[in-house]
Amino acid sequence: MSFKPPRGTDDLIAPQSQVWREILATWEDWSARYGYPLVATPILEATDLFERGVGDTTEVVTKQMYTFTDKGGRSVTLRPEGTAGVVRAFLDSGEQGQWKGAYSGPFFRYERPQKGRTRQFWQVGVEYLGVEGPVADSEVIELGFRFLRAAGVSQLELRINSIGDPVCRPGYVAALKDYFVGLRDTLSEDSRRLIDTNPLRVLDSKVDRDQLGTPPQISDFLCGACADHYTSVRGLLESLEVPFVEDTSLVRGLDYYTRTTFEFIGTGLDSAQNAVGGGGRYDGLAEAIGGRPTPGVGFALGFDRVVLASDRTPGTFLDAYLVSEVGPEPALSIAAELRRDGLRVEFDGEGRSVKGQFRTARRLEVPVILVYKGDRQTIDVQAADDRVELPLEAVTKHLKGTR
Ligand code: HAM
């Protein structure tokens, strides 16, 4: 029996989990401010959903999926991303018009593990469906930006691009194909195959990255409608005071994108894993998975990377530690009363010495120590610059007042 988690997965425990919990609370707050209700979809989906939605020539689908046949003979996959599942849930619900959902949970990709890149990772994200205009793109991007700032990611760069739509992208893809045909002999076998099936994906190739020279750029091929949409998105971001840089090589690794694409870069992280998140518009996705035409835009953030990039440090989440001079059983009911009043309180359940209990309180760095000597009328309340004796009923009010 090994006590290690499987390769590419991690345990999350205190104190690191405390930063997680705080930033997740920040996420719940910010996603709610922008009108997103929670959406939770299954971790397992039919394999077909990702093949058709994400694209059967993408790296995610060809190399990274955890796919298996269940006992009923169906091919199922641990979700490698959230957008396809959320769009499926929307279509299944029969809802119409503007629709939003925010999610948070584990995702799975069979990748080579390294810092900030794991086989099970956590994403938070939003999907905004039913709105075609640039207001939706801009609102989504602004939310991602404001949340990351609030999460303590101060070294942050937003990169944006437009990758066109079914009207203008074919012209670009044809030009790209001609260009890569000229480079064919210098490219890996995977990329050579992609020249014929999906030339855009050659641009994401990690092995060939340095061989690609200067391929044609989508910005030279955008049709009028896509160019106008992109101009409006940039204008709205400027009016919202969201700083961005344009990156004409930003095509993203999933096939469903149309028009706007963007990435949030944590510029303080190692460059191989510095994308803290990304997203874009995907107006063709609903149809690709067999549903009615539905425009959409969204993003997902790699939560592990958000935490790595954040300058928040683990702190205590407790309001007080209760030291008992009369053992753990009386402490249980004293703590219960304080907890019912809304305080976050911990105490020693092992019956250790008073000295030992103080040591634990200091190690936990609690702001307040409460000493119970056996009398509810005289609780000793010790804070850094304040020491008073109070009846139990007055403790919570006193602590809330001094906070
Ligand atoms: P994605 O770019 O594939 O997009 O993933 C989003 C983020 O998830 C990445 O920027 C990265 O931070 C994180 N991530 C991806 N793989 C790993 C990994 N192996 N280990 C750690 N973090 C990872 C999507 O997933 C799209 N569904 C985003 C979206 C939503 N587009 C529209 N709506």
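In what follows, residues are counted from 1 in the order of the sequence shown. All values derive from a computational prediction rather than experimental measurement.
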Arg159 charged N/C atom sitting above Phe262 aromatic ring, 6.0 Å / 45°: no

Within the side chain of Arg305, is there an N or O that forms a donor-acceptor pair under 3.5 Å with the backbone of Ala275? yes

Do Thr316 and Glu365 pair up side chain to side chain, a donor and an acceptor below 3.5 Å, judged on atom types alone? no

Arg344, CZ: over 12 other non-hydrogen atoms inside 6.0 angstrom: no

Is the closest side-chain donor-acceptor distance between Asp247 and Ser249 under 3.5 Å? yes

Is the closest side-chain heavy-atom distance between Arg169 and Ile163 below 4.5 Å? yes

Does any part of the side chain of Thr261, heavy atoms only, come nearer than 4.5 Å to the side chain of Val251, both counted from C-beta? no

Please report the C-alpha distance between Tyr172 and Gln217 in whole Å, then the side-chain angles of each, then the deciding distance to 0.1 Å, and finally whether the side-chain hydrogen bond (donor to acceptor under 3.5 Å, both in side chains) criterion is met. CA-CA 8 Å; Tyr172 172 60; Gln217 298 204 327; over 6 Å; no

Is atom CD of Glu337 surrounded by more than 12 heavy atoms (other residues, nucleotides or ligands) closer than 6.0 Å? yes

State whether Lys115 and Asp270 are salt-bridged, where the test is any N-O pair (Lys NZ or Arg NE/NH1/NH2 against Asp/Glu carboxylate O) under 4.0 Å. no

Would you mind telling me which of Trp20, Phe147, Phe121 makes a ring-ring contact (aromatic ring centres under 6.0 Å, His included) with Phe303? Trp20

Answer with yes or no whether the side chains of Tyr36 and Glu28 bring together a donor and an acceptor at under 3.5 Å. no

Residues that Asp92 engages under salt bridge (charged side-chain N to carboxylate O under 4.0 Å, His left out), provided they are two or more places apart: none

Residue pair Thr77 / Thr67, side-chain donor-acceptor N/O under 3.5 Å: yes

Quick one: closest heavy-atom pair of Phe264 and Leu156, and the distance? CB-CD1, 4.1 Å

Keeping Gln357 on the side-chain end and Ser324 on the backbone end, is there a donor-acceptor pair under 3.5 Å? yes

Closest non-hydrogen atom pair, Leu390 against Ala394: CD1-O, 4.1 Å

Less than 3.5 Å apart, any donor N or O on the side chain of Ser154 or Asp311 sitting next to an acceptor on the other? yes

With side chains defined as the heavy atoms from C-beta onward, is the minimum distance between Lys100 and Pro37 less than 4.5 Å? yes

Is a donor from one side chain sitting under 3.5 angstrom from an acceptor on the other, for Tyr103 and Glu127? yes

Which distance, rounded to the nearest 0.5 Å, do you find between the OG1 of Thr258 and the CZ of Arg281? 6.5 Å

Would the distance check show the side chain of Ser310 and the main-chain N or O of Val306 forming a donor-acceptor pair, the cut-off being under 3.5 Å? no

For the residue pair Thr260 and Tyr230, confirm or rule out a side-chain donor-acceptor distance under 3.5 Å. no

Ser104 versus Trp27, side-chain donor and acceptor atoms under 3.5 Å: no

Can a side-chain donor-acceptor contact be found between Glu81 and Thr83 if the only test is distance below 3.5 angstrom? yes

Flag the pair Val368 / Gln382 as yes when at least one side-chain heavy-atom distance between them is below 4.5 Å, and no otherwise. no

So, does Asp165 use its side chain to make a donor-acceptor pair with the main chain of Cys168 at under 3.5 Å? yes

Would you please indicate if the ring centroids of Phe107 and Trp122 are separated by under 6.0 Å? no

If you measure only the distance, is there a donor-acceptor pair under 3.5 Å linking the side chains of Ser191 and Asp208? yes

Contact check, side chains of Pro5 and Asp11, non-hydrogen atoms, under 4.5 Å: yes

Does some side-chain heavy atom of Arg252 sit less than 4.5 Å from a side-chain heavy atom of Glu263? yes

What heavy-atom pair brings Pro215 and Tyr179 nearest, and what distance separates the two atoms? CA-CE2, 3.5 Å

dist Gln16:CD -> Thr313:OG1 (nearest 0.5 Å) comes out at 10.0 Å

Worked check of salt bridge (Lys or Arg N to Asp or Glu O under 4.0 Å) between Arg201 and Asp255: CA-CA 8 Å; Arg201 294 281 72 87; Asp255 275 352; 2.6 Å; yes

Is a salt bridge present between Asp319 and Arg339, judged by a nitrogen-to-oxygen distance below 4.0 Å? no

Enter the distance from Leu143:CG to Tyr128:OH here, rounded to the nearest 0.5 Å. 11.5 Å

State, yes or no, whether a side-chain contact exists between Val345 and Leu318 at a heavy-atom distance under 4.5 Å. no

Say you draw a straight line from CG of Leu338 to CD of Glu393; how long is it, rounded to the nearest 0.5 Å? 10.0 Å

For the aromatic rings, using the six-membered ring if either is Trp, is the centroid distance between Tyr110 and Tyr66 under 6.0 Å? yes

Would you list the pairs meeting salt bridge (charged side-chain N to carboxylate O under 4.0 Å, His left out) in which at least one residue belongs to residues 223-245, sequence neighbours left out? Arg234-Glu246

Nearest 0.5 Å please: distance from the CZ atom of Arg79 over to the CE atom of Met65. 14.5 Å

Consider only side-chain N and O atoms of Thr47 and Arg52, and report whether a donor and an acceptor are under 3.5 Å apart. no

Output for pair (Leu212 CG, Leu183 CG), nearest 0.5 Å, gives 7.0 Å

Glu111 vs Glu59 side-chain heavy atoms within contact, under 4.5 Å: no

Do Tyr34 and Glu142 have side-chain N/O donor and acceptor atoms under 3.5 Å apart? yes

If you count every heavy atom of other residues, nucleotides or ligands that lies below 6.0 Å from Arg184 atom CZ, does the total exceed 12? yes

Judged by modelled atom types alone, do His229 and Asp137 share a side-chain donor-acceptor pair under 3.5 Å? yes

Step through the shown structure and confirm whether more than 12 heavy atoms of other residues, nucleotides or ligands are within 6.0 Å of CZ on Arg74. no

For the pair Thr294 (side chain) and Arg292 (backbone), establish whether a donor and an acceptor sit closer than 3.5 Å, ignoring hydrogens and angles. yes

